[in-house]
There are 2 protein chains.
Amino acid sequence: MDTIGFGQHDHSSCMRAALAAVENYCTEHKLQFTPVRRRVLEILLARHRAMGAYEILDTLRDEGLGSQPPVAYRALDFLVSHGFAHKIERLNAFVACTHPGQDHTPAFLICRNCDAVAEAHAEPSRGMLGRAATDTGFSIEQAVVEALGLCPDCRKGAPACA
Amino acid sequence: MDTIGFGQHDHSSCMRAALAAVENYCTEHKLQFTPVRRRVLEILLARHRAMGAYEILDTLRDEGLGSQPPVAYRALDFLVSHGFAHKIERLNAFVACTHPGQDHTPAFLICRNCDAVAEAHAEPSRGMLGRAATDTGFSIEQAVVEALGLCPDCRKGAPACA
DNA sequence: TTGATAAATGTAACCCTATAACATATCAAC
DNA sequence: GTTGATATGTTATAGGGTTACATTTATCAA
């Protein structure tokens, strides 16, 4: 199972691996992995949680990489449109993808207590939703699947699982 | 199959039925179905599509029922929290529930061309998402399931299906 | 029926999220 | 090295949502 995001793991190596994968993908597909785009991805990877665009922008501003909203949104658009990051609609926030490069429909498990986010796979064309779509003649192109609840740590009674 | 929302149907009777169901539910549960709350639900039922809070507020203002955002948001909170309406996260908009009173996890089919929305049932605890949750020890309390694509009418080449 | 409590409304001000528009710079390829 | 496309800098503004507080209306028990 490749659900990750809860529990401990070797963070610096997961970050390096993701960056390398994105770098390769961009080279292969002739995409410009510019400093701002790279830095935004790094920020998302480092925090390893859902971040608002303005929170990201604060960091960019501190580093002199840009100070106006479009700077952050443009970088995020690039990352999201190529599957390097995802938007969590429920939080109006963004997370780095945990398996960039692979074609996939992400599903998220969002902790309502500590805002931790884990990414899993969804198969929108299967199950009830797929059946409803087929029955009505609706063609699914994209899906938002986000579950809210309590992550393992917060269930264990941690008052606020940092 | 109880996916509805695409295609024709007897609209005034579907609206009356929904209002009656909500009225009953409120009486039984001693909830105050006040004029503003009722009117907001009526507006959502009448338009039969996803509407932004400010769009609803415009109508309320025209009718002298309130002019500030909290008026609309409070009514919507009431409707959503009791399952009489749902929020479409992807659109930052709201729709009337098509089967109020019944306990359910809604899933939506959203047309990217004409913004029509159909409500279906989801079963978040089943399928891939449920497995991912079980595996990681995450407890799902709520789910957002929204598919984007083309509705039957728009697929048939209608340049903009009303 | 009155008084206490809880629930709902009115209103002003504000915060967060996101995009439009336009000028400038940089890149990629011929 | 010129050109066309792509990316960035910046200003202003649109859109969505909440806080806070005063006021009113409903509920229910004494």
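Here is how names work: the chains are called A, B, and so on, in the same order as the sequence lines, proteins then strands, and each is numbered from 1.
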*asked:* Any heavy-atom pair between the side chains of B:F94 and B:M51 that's under 4.5 Å?
replied: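 They are not in contact (no side-chain heavy atoms under 4.5 Å apart), so the answer is no.
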Whole-Å distance between [N] [atom2] and [X] [atom1]?
X	N	atom1	atom2	value
A:L76	D:dA7	CG	P	15 Å
B:I88	D:dG16	CD1	P	14 Å
B:L57	D:dT18	CG	P	14 Å
A:L60	D:dT10	CG	C1'	15 Å

*Centroid-to-centroid, A:Y25 to A:F33, below 6.0 Å?*
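Distance test on ring centres: not under 6.0 Å, no.
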*Strictly by modelled atom types, are A:R90 and B:Q142 linked by a side-chain donor-acceptor pair under 3.5 Å?*
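Short answer, yes.
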_Starting from A:L41, can I reach A:V36 by hopping between I/L/V/M/F/W/Y residues whose side chains sit under 4.5 Å apart?_
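A:V36 clusters together with A:L41.
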*Are A:R49 and A:E55 close enough for a salt bridge, meaning some N to O gap below 4.0 Å?*
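A salt bridge is present here (some side-chain N lies under 4.0 Å from a carboxylate O).
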*Is any side-chain N of the basic residue among B:R74 and B:D77 closer than 4.0 Å to the acidic one's carboxylate O?*
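Here B:R74 does not pair with B:D77 in a salt bridge, since their nearest N and O are not under 4.0 Å apart.
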*Could you write nucleotides 8-20 of chain C as a row of B, S and -, 5' to 3', where a protein heavy atom under 4.0 Å of any base atom gives B, of only sugar-phosphate atoms gives S, and otherwise -?*
SBBBB----BBBB
